[in-house]
Amino acid sequence: MNKASEDMRRYGKLVGGGYVSREAYDQTATEAAALKATVQSDKAVVESAALDLSYCSVTAPINGRVGAFTVDKGNMIKTADATPIITIDTLSPIYVLFSVPETRLPVILKRMREEGGAGDCRPRRRRAGKRRSDAR
């Protein structure tokens, strides 16, 4: 746009001296005006997008902690996309699986009853076959 404005200014001086035709000057002035209108239109589109964004919010239907992001800033997303924007890890209820020695199970069950732990604590079923102690 700056070049078109500069060309229009130069052609204006040259048309007065008869070095450039009036038609060439008019064409340059028209190009400069068209570019200026395009820039104003683009600015209006940016302002409209900023306004739309100010009304936009994304909320999750569940509580939890934000996990992995699957899109980055600047990516285009749509309402019907199959790809999730982020992963939300739920914290309540949370399921944890770990092993403890069977001798500690009565203590764990007692403390769960005392502290109101909402968990499922049960010994794992043994697989058929040899035990470790029998493997000698």
Side-chain angles (χ1 to χ4, degrees):
M1 185 176 94
N2 291 339
K3 181 185 180 308
S5 296
E6 185 62 31
D7 286 347
M8 185 179 79
R9 189 184 61 74
R10 274 187 288 135
Y11 275 57
K13 289 179 183 177
L14 295 174
V15 78
Y19 299 108
V20 175
S21 69
R22 184 72 182 170
E23 183 181 343
Y25 170 75
D26 290 343
Q27 183 178 359
T28 305
T30 302
E31 288 174 7
L35 288 174
K36 184 176 180 181
T38 300
V39 168
Q40 288 176 339
S41 172
D42 290 345
K43 285 180 181 179
V45 168
V46 169
E47 288 176 10
S48 175
L51 180 63
D52 290 346
L53 188 59
S54 71
Y55 291 114
C56 178
S57 66
V58 178
T59 56
I62 60 172
N63 292 329
R65 178 176 288 167
V66 173
F69 285 89
T70 56
V71 295
D72 297 314
K73 184 177 181 179
N75 290 113
M76 179 68 93
I77 58 172
K78 296 178 232 160
T79 56
D81 276 350
T83 306
I85 298 172
I86 59 167
T87 302
I88 299 175
D89 301 322
T90 57
L91 301 177
S92 180
I94 188 166
Y95 299 98
V96 179
L97 177 66
F98 58 93
S99 299
V100 293
E102 192 172 344
T103 55
R104 301 281 187 202
L105 191 57
V107 173
I108 293 171
L109 290 172
K110 178 183 173 199
R111 288 211 178 141
M112 284 177 66
R113 280 191 299 274
E114 290 171 356
E115 296 176 14
D120 182 17
C121 189
R122 59 180 171 230
R124 187 173 12 163
R125 292 187 179 132
R126 296 188 188 271
R127 294 183 184 164
K130 293 183 180 180
R131 294 184 197 167
R132 287 187 189 172
S133 60
D134 296 341
R136 294 183 199 175

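Residues: numbered from 1 along the sequence shown.
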(request) Take Glu6 and Arg9, measure what salt bridge (charged side-chain N to carboxylate O under 4.0 Å, His left out) needs, and give me the verdict at the end. (result) CA-CA 5 Å; Glu6 185 62 31; Arg9 189 184 61 74; 2.2 Å; yes
(request) Measure from the side-chain N and O atoms of Ser54 to the backbone N and O of Leu51, and report whether any donor-acceptor pair falls under 3.5 Å. (result) yes
(message) Give me the atom names and distance for the closest heavy-atom approach of Ala32 to Ser5.
(response) CB-N, 4.3 Å
(message) Going by side chain to side chain contact (heavy atoms under 4.5 Å, CB included), name the residues that satisfy it together with Pro106, two or more places apart in sequence or in a different chain.
(response) none
(request) Could you pull out the closest heavy-atom pair between Thr70 and Thr83, with the gap in Å? (result) OG1-CG2, 4.1 Å
(message) Testing the basics here: between Ile62 and Ile88, what is the closest heavy-atom pair and its distance to 0.1 Å?
(response) CD1-CG2, 4.1 Å
(message) I need the Arg104 CZ to Leu109 CG distance, nearest 0.5 Å.
(response) 13.5 Å
(request) Look only at the side chain of Thr28 and the backbone of Ala24, and say whether a donor-acceptor pair between them is shorter than 3.5 Å. (result) yes
(request) Kindly compute the distance separating CG (Leu35) from OG1 (Thr30), expressed to the nearest 0.5 Å. (result) 11.0 Å
(message) Test your reading of the model: is there a side-chain donor-acceptor pair from Thr38 to the backbone of Ala34, 3.5 Å cut-off?
(response) yes
(message) Using a 6.0 Å cut-off, check whether atom CG of Asp52 has over 12 heavy atoms from anything other than its own residue.
(response) yes
